[in-house]
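Okay, structure first, notes after.
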Amino acid sequence: MKQIRISSTREVAQNQGQRFVCEWMEGSLMNRWLLKNRLAEALEVHGEGSHWVESRDTEHVRQPAHA
């Protein structure tokens, strides 16, 4: 399973807030669609290269067995 988020340059975040930046979320089809649209808006407002989508593998945390 993958996780995705939108990131931006430090300069954009400091000068113009983090309106389009988001935390890690499940890389489901709906979330990918949402971030694609949000990224398009961010690039329109702040310019090419200001924001991008990052992805990572979900870390599976083993839960201890309860007695």
With sequence neighbours excluded, what pairs up with [X] under the side-chain hydrogen bond (donor to acceptor under 3.5 Å, both in side chains) test?
| X | result |
| --- | --- |
| Trp52 | Glu54 |
| Lys36 | none |
| Asp57 | Lys2 |
| Arg56 | Gln3 |

Item to complete: Report the residues that fulfil side chain to side chain contact (heavy atoms under 4.5 Å, CB included) with Leu34, sequence neighbours left out, ordered by chain and then residue number.
Response: none
Worksheet entry | Under 4.5 Å side-chain linkage, directly or through intermediates, the cluster mates of Leu35 | Ile4, Ile6, Met25, Leu39, Leu43, Val53
Response to the item:
Between Ala42 and Ser50, the two heavy atoms sitting closest are O-OG, 4.0 Å
Discussion item. Tell me the closest heavy-atom pair linking Gly27 and Arg32, and the distance in Å.
Written reply: O-NH1, 3.0 Å
Discussion item. Rounded to the nearest 0.5 Å, what separates atom OG in Ser8 from atom NE2 in His46?
Written reply: 8.0 Å
Fill in: Arg5 (side chain) donor-acceptor with Cys22 (main chain) under 3.5 angstrom
no
Discussion item. Are the side chains of Val45 and Phe20 in contact, using a 4.5 Å heavy-atom criterion?
Written reply: yes
